[in-house]
Amino acid sequence: FPSHDNQLNLIHMGSFALKVSDWSTADLDKKTLKELLTSDFLNSENINGLTKPGKFEMAIQNKAGRTINILGAITKDSPELWSFSGADITDLKTELQVRIDIMNQTSIVSEANLRGDILNVNEKFIQVSKYSREELIGKPHNTTRHPDMPKEVFKEMWATIGKGNIFRGIRPYRDWE
């Protein structure tokens with residue numbers, strides 16, 4: 001992929017980089033890496049990682065203006081030269097987003113820490129529980145337990161999740177009529 005100096009000036013673009021970006025060597029002459037990156041990426045904290053070795057994800061604009069997501073690694077070849085090698089993960093990210101969108105329409109999803117405090121919920125969880133996101137985040141999961149739900153079922157749910165398994169079952173929420 002590209003090689004760049006500490007000021008993010010492009011030094012070399014490999015054949016893979018030229019292929020996924022649709023840019024020619026002549027197009028890239030005198031361009032900086034920053035000119036290829038998306039504005040969202042440029043405005044994120046990720047920009048600071050371009051001169052640090054390690055795993056990295058970046059988003060570039062190809063010649064047609066399409067965003068290309070690249071996952072790879074940055075290495076320091078010399079005090080002034082950095083190289084990035086990676087793979088185009090644009091299609092994978094698109095497929096993942098489609099799966100997330102489907103899951104959010106069909107499943108009630110929450111994330112919790114090991115104590116059972118809610119860290120995140122999807123919109124379907126909010127819709128079904130009738131709590132706002134603000135009322136849920138940081139609260140224990142049993143906040144939403146319906147009084148008719150036996151505590152044993154809740155214990156079984158947490159035991160299943162605690163073993164790294166997915167719990168599937170009908171779970172009434174406190175505000176269900």
Exercise for review: Please name the residue in the list N120, I118, N122 that meets the side chain to side chain contact (heavy atoms under 4.5 Å, CB included) test with R133.
Suggested key: N120

Point to revise | Steps toward side chain to side chain donor-acceptor pair (under 3.5 Å) verdict (T94, Q97) | key: CA-CA 5 Å; T94 301; Q97 189 57 53; over 6 Å; no

Revision key, fill the gap. Residues pairing under ring pair (Phe, Tyr, Trp, His ring centres under 6.0 Å) where one sits in residues 87-122, two or more places apart or in two chains, turn out to be none

Point to revise | Sidechain-backbone polar pair: T75 side chain, D77 backbone, donor-acceptor under 3.5 Å | key: no

Study note, to complete from the structure: Sequence neighbours excluded, the answer for salt bridge (Lys or Arg N to Asp or Glu O under 4.0 Å) partners of K63 is D27

Check your understanding: Are any non-hydrogen side-chain atoms of F56 and I70 less than 4.5 angstrom apart?
Key -> no

**Study point:** Sidechain N-carboxylate O distance under 4.0 Å for E134, K139
**Key:** no

**Study point:** Evaluation steps, salt bridge (Lys or Arg N to Asp or Glu O under 4.0 Å), between K151 and E156
**Key:** CA-CA 9 Å; K151 288 183 180 183; E156 178 186 337; over 6 Å; no

Point to revise | ILVMFWY network linking L71 to L92, side-chain heavy atoms under 4.5 angstrom | key: yes

Revision key, fill the gap. Here the gap from N165 atom CG to T160 atom OG1, rounded to the nearest 0.5 Å, amounts to 6.5 Å

Review point. Got a donor-acceptor contact below 3.5 angstrom from the E135 side chain to the S132 backbone?
Key: yes

Review point. Do E123 and N104 have side chains that get closer than 4.5 Å, going by heavy atoms?
Key: no

Review point. If you group Ile, Leu, Val, Met, Phe, Trp and Tyr by side-chain heavy-atom gaps below 4.5 Å, do L42 and L33 land in one group?
Key: yes

Review point. With sequence neighbours left out, what residues match T67 under side chain to side chain contact (heavy atoms under 4.5 Å, CB included)?
Key: T38, A59, Q61, N69

Review point. Is there a chain of hydrophobic side chains (I, L, V, M, F, W, Y, each step under 4.5 Å between heavy atoms) that links I89 to L37?
Key: no

Point to revise | pair E57-K93: side-chain heavy atoms closer than 4.5 Å | key: yes

Review point. Which pairs with one or both residues in residues 96-115 pass ring pair (Phe, Tyr, Trp, His ring centres under 6.0 Å), sequence neighbours excluded?
Key: none

Check your understanding: Given side chains that start at C-beta, do those of Y131 and V121 come closer than 4.5 Å, heavy atoms only?
Key -> no

Revision key, fill the gap. Shortest non-hydrogen pair, H141 vs A112, comes out as CD2-CB, 3.8 Å

Revision key, fill the gap. Taking every heavy atom of R66 against every heavy atom of I68, the minimum-distance pair comes out as NH1-CD1, 3.3 Å

Point to revise | Under the salt bridge (Lys or Arg N to Asp or Glu O under 4.0 Å) test, residues paired with K19 that sit two or more places apart | key: none

Check your understanding: When rounded to the nearest 0.5 angstrom, what distance separates CZ in F41 from NZ in K34?
Key -> 10.5 Å

Check your understanding: Taking C-beta and beyond as the side chain, do V20 and N62 meet within less than 4.5 Å on heavy atoms?
Key -> no

Point to revise | Qualifying residues under side chain to side chain contact (heavy atoms under 4.5 Å, CB included), relative to P140, sequence neighbours excluded | key: D117, N142, T143

Check your understanding: Got a donor-acceptor contact below 3.5 angstrom from the E35 side chain to the T32 backbone?
Key -> yes

Practice item. First locate atom NZ of K124, then atom OG of S110, and finally report the distance between them rounded to the nearest 0.5 Å. Key: 15.0 Å

Review point. Cluster question for you: counting only ILVMFWY and a side-chain heavy-atom cut-off of under 4.5 Å, with indirect links fine, are I126 and V128 together?
Key: yes

Practice item. Please answer: with hydrophobic residues joined when any side-chain heavy atoms are less than 4.5 Å apart, are I60 and L18 in the same cluster? Key: yes

